[in-house]
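Remarks on the structure that follows.
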Amino acid sequence: MEYMKEPATSSQGNILCCQCGIPIPPNPANMCVACLRTQIDISEGIPKQVSVHFCKQCERYLQPPGTWIQCALESRELLTLCLKKLKASLSKVRLIDAGFVWTEPHSKRLKVKLTIQKEVLNGAILQQVFIVDFTMLSQMCDDCHRVEAKDFWKAVVQVRQKVQHKKTFFYLEQIILKHRLHQNTLRVKEIHDGLDFYYASKQHGQKMVEFLQCTVPCRSKTSQRLISHDIHTNAYNYKSTYSVEIVPICKDNLVCLSPKLAQSLGNLNQICVCARVTSTIHLIDPSTLQIAEVDGNTYWRHPFNSLFHPKQLEEFIVMEIDLIRDRKLGAGAGIRSNKHTLAEVWVQKTSEMNTNQQYHTRTHLGHLLNPGDLVLGFDLANCNVNDEFVNKMNPHQVPDVILIKKSYDRSKRQRRRNWKLKELERDREGMDTDDERQYQDFLEDLEEDELIRKNVNIYKNENIAVESDTDEEGAPRISLAEMLEDLHISHDATGSEGAEMLTE
């Protein structure tokens, strides 16, 4: 209580306070300010201790009855929220000023300094300043509760690929992490042939499907199931399911195209190697270096399958190699690759070194191979290929061997790998030896293909000493310029429910 106002009077003399007897200017109450404080408290009925509810997960405050709003400390929005808590008790007084008193940010306390006025005895107007303490009580909001429960979802995106290895999913996982598409995910569940992404809203599921359609060649279907229906408000509650099927073609697959599709791609040979899979399927003809791209729509109109499983790769040793220079393509041919070199090679299986059996073929790996090198490839001469397009081809046009990639010492590459990737936190039964082998294949693909590497965040591994970019065998390695520092960002710093889903 700072001062007292009284109406203007013509008398300038003093009167005695009726309580303590000291001289004071005349006022309607005939009391001094000190005596009025003891007699009347105009802040009576206004609570001095109030609680506000705060969600630690999303850092929002509860605005009754059920709205959660984002407010910064000592902001106007937070002051408005606090004053609404006192709205009923402030209706009998006049609020002059309100502001925050500084408190420690971690103290879970807010102090608001209020200045109020009220008319008291015989028209005297009193003004009083006091502080209201607000205690921040932790309460999880409905959205965060659904996230923590991990069993409440409105939409699920089921991503499937009908192949026996997970190379595409390892690549897809890294793109999702780079673009932070996992932040709105309630749960990620890994199953045998794909991943399931659960979301709290249908819009987040649709956003994920649109991202997948721009990232990998795929097709999708949508369905929904009615959960509940309110006949009074005509409100429907649905659970939506998005089924996304990725084309069953992966990097280093050997494929046989239909004659119609091969002709439309620039008179490409029917038997091709898949160089990589990004938003399209990148094919290369190992006998001419001709390249082509097949998008998702084209694939589903003219589907083709992989002729071999990666486990069927056999090891060959290069006996002799001759590079082919300036070979002219036929009429109507498409674009040739500038990153590969065409060569004729004579190879022998490492399992048949005690025989004289050698194979002659053309390959697109002329820039990598030298006599004595080990190379992985598929043996078409001694296998039965069950494919409708291969069975209709002229046998003389089917090569005996198709070489896929050069072979390096895997254990040595693992020891010298001075980088690492982050992983999505997901529910899975465990990674078996086959999954670990496939993951190592994916890491080697990143080292060998710079175009795929551009879409992936690669982090330094401080536990391994830094060496040169290539070793004595010539195995490709990732340069330090392409690596990022591994930053550990806590959940409190990000304030997002998806921050904890990044694990090493």
Side-chain angles (χ1 to χ4, degrees), residues 157 159-163 165-179 181 193-195 207-221 242-308 310 329 332-340 364-365 387 389 402 404-405 441-442 444-446 448-457:
V157 180
V159 187
R160 301 289 183 267
Q161 187 182 33
K162 297 178 181 177
V163 294
H165 51 90
K166 302 178 180 179
K167 239 183 225 186
T168 303
F169 285 102
F170 290 135
Y171 172 67
L172 192 61
E173 175 186 21
Q174 296 304 316
I175 297 182
I176 291 174
L177 287 172
K178 181 172 183 177
H179 295 278
L181 261 294
D193 57 349
L195 294 171
K207 183 178 179 181
M208 184 64 174
V209 172
E210 292 172 359
F211 172 78
L212 292 174
Q213 291 173 343
C214 298
T215 305
V216 290
C218 60
R219 61 181 177 182
S220 62
K221 294 181 180 179
Y242 300 91
S243 177
V244 179
E245 182 182 359
I246 303 175
V247 296
I249 305 296
C250 295
K251 176 179 168 60
D252 296 336
N253 280 169
L254 185 65
V255 300
C256 184
L257 310 178
S258 65
K260 185 177 180 180
L261 178 59
Q263 183 180 9
S264 67
L265 294 176
N267 289 329
L268 199 67
N269 284 333
Q270 287 185 249
I271 295 182
C272 298
V273 175
C274 177
R276 71 183 63 86
V277 177
T278 54
S279 57
T280 57
I281 304 172
H282 297 256
L283 301 176
I284 183 169
D285 182 357
S287 61
T288 63
L289 295 188
Q290 192 173 336
I291 57 176
E293 294 184 10
V294 179
D295 59 15
N297 293 332
T298 304
Y299 175 85
W300 297 117
R301 287 198 305 268
H302 306 281
F304 50 88
N305 298 315
S306 174
L307 302 181
F308 293 91
L329 295 177
I335 306 173
R336 292 184 60 179
S337 172
N338 296 324
K339 297 184 178 180
H340 300 82
H364 60 293
L365 304 176
D387 185 84
F389 301 131
I402 296 291
I404 301 299
K405 60 181 179 179
D441 288 341
F442 171 68
E444 292 174 3
D445 289 343
L446 287 180
E448 297 168 6
D449 196 332
E450 182 180 357
L451 294 178
I452 295 180
R453 210 156 58 225
K454 289 180 179 179
N455 299 325
V456 176
N457 284 341

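For the residue pair L268 and C272, the shortest heavy atom distance occurs at CD2-SG, 3.5 Å. Listed here is the closest heavy atom pair of L446 and R453: O-NH1, 2.7 Å. The shortest heavy-atom contact between Q213 and C218 is CA-SG, 3.8 Å. Contact detail for S279 and C214: the closest heavy-atom pair is CB-O, 3.6 Å. The heavy-atom pair separating L195 from R160 by the smallest distance is O-NH1, 3.2 Å. Shown here for C256 and F304, the closest heavy-atom pair between the two residues is O-CB, 3.5 Å.
A donor atom on one side chain and an acceptor atom on the other are not found under 3.5 Å apart for D295 and T280. Looking at Y171 and D445, their side chains never bring a donor and an acceptor atom within 3.5 Å of each other. There is a side-chain donor-acceptor pair under 3.5 Å between H282 and T278.
Between L181 atom CG and E173 atom CD the span is 13.0 Å, to the nearest 0.5 Å. In this structure, CG in L177 is found 10.5 Å from CD1 in I175, a value given to the nearest 0.5 Å. Rounding to the nearest 0.5 Å gives a distance of 11.5 Å between NZ of K251 and OG1 of T168. Atom OG of residue S258 and atom CD of residue Q270 lie 7.5 Å apart, to the nearest 0.5 angstrom. Here the CD1-CD distance, from I291 to E293, works out to 7.5 Å after rounding to the nearest 0.5 Å. Within the model, atoms OG1 of T215 and CE of M208 stand 8.0 Å from one another, a figure rounded to the nearest 0.5 Å.
Between the side chain of K162 and the backbone N or O of P248 there is no donor-acceptor pair closer than 3.5 Å. A distance-only check finds no donor-acceptor pair linking the side chain of T298 to the backbone of V294 [under 3.5 Å]. Checking side-chain atoms of Q174 against main-chain N and O of N455 turns up no donor-acceptor pair under 3.5 Å.
Residues R336 and I284 fail the side-chain proximity criterion, which asks for heavy atoms closer than 4.5 Å. Residues V277 and P217 are in side-chain contact: their nearest non-hydrogen atoms beyond the backbone lie under 4.5 Å apart. A 4.5 Å side-chain heavy-atom check between V255 and L307 finds every atom pair outside the cut-off. At least one side-chain heavy atom of L212 sits less than 4.5 Å from a side-chain heavy atom of V159. Side-chain contact check for N253 versus V273: every heavy-atom pair is 4.5 Å or farther apart. Between V456 and K178 there is no side-chain heavy-atom pair separated by less than 4.5 Å. In this structure, K221 and V244 have side chains that are not in contact, with every pair of non-hydrogen atoms separated by 4.5 Å or more. Residues V247 and W300 are in side-chain contact: their nearest non-hydrogen atoms beyond the backbone lie under 4.5 Å apart.
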(request) Report the C-alpha distance between H302 and S264 in whole Å, list the side-chain angles of each, state the deciding distance to 0.1 Å, and finish with yes or no for side-chain contact (heavy atoms from CB on, under 4.5 Å). (result) CA-CA 11 Å; H302 306 281; S264 67; over 6 Å; no
(request) Would you please test H364 and I402 for side-chain contact (heavy atoms from CB on, under 4.5 Å) and show each step? (result) CA-CA 10 Å; H364 60 293; I402 296 291; 5.9 Å; no
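Under the side-chain contact (heavy atoms from CB on, under 4.5 Å) rule, N269 has a single partner from L257, L283, D285, which is D285.
Surrounding NZ of K207 are at most 12 heavy atoms belonging to other residues, nucleotides or ligands under 6.0 Å away.
Between F442 and F170, the angle of the ring planes lies from 30° to 60°, which puts this pair in the tilted group.
The pair E245-R219 meets the salt-bridge criterion, since a charged nitrogen lies less than 4.0 angstrom from a carboxylate oxygen.
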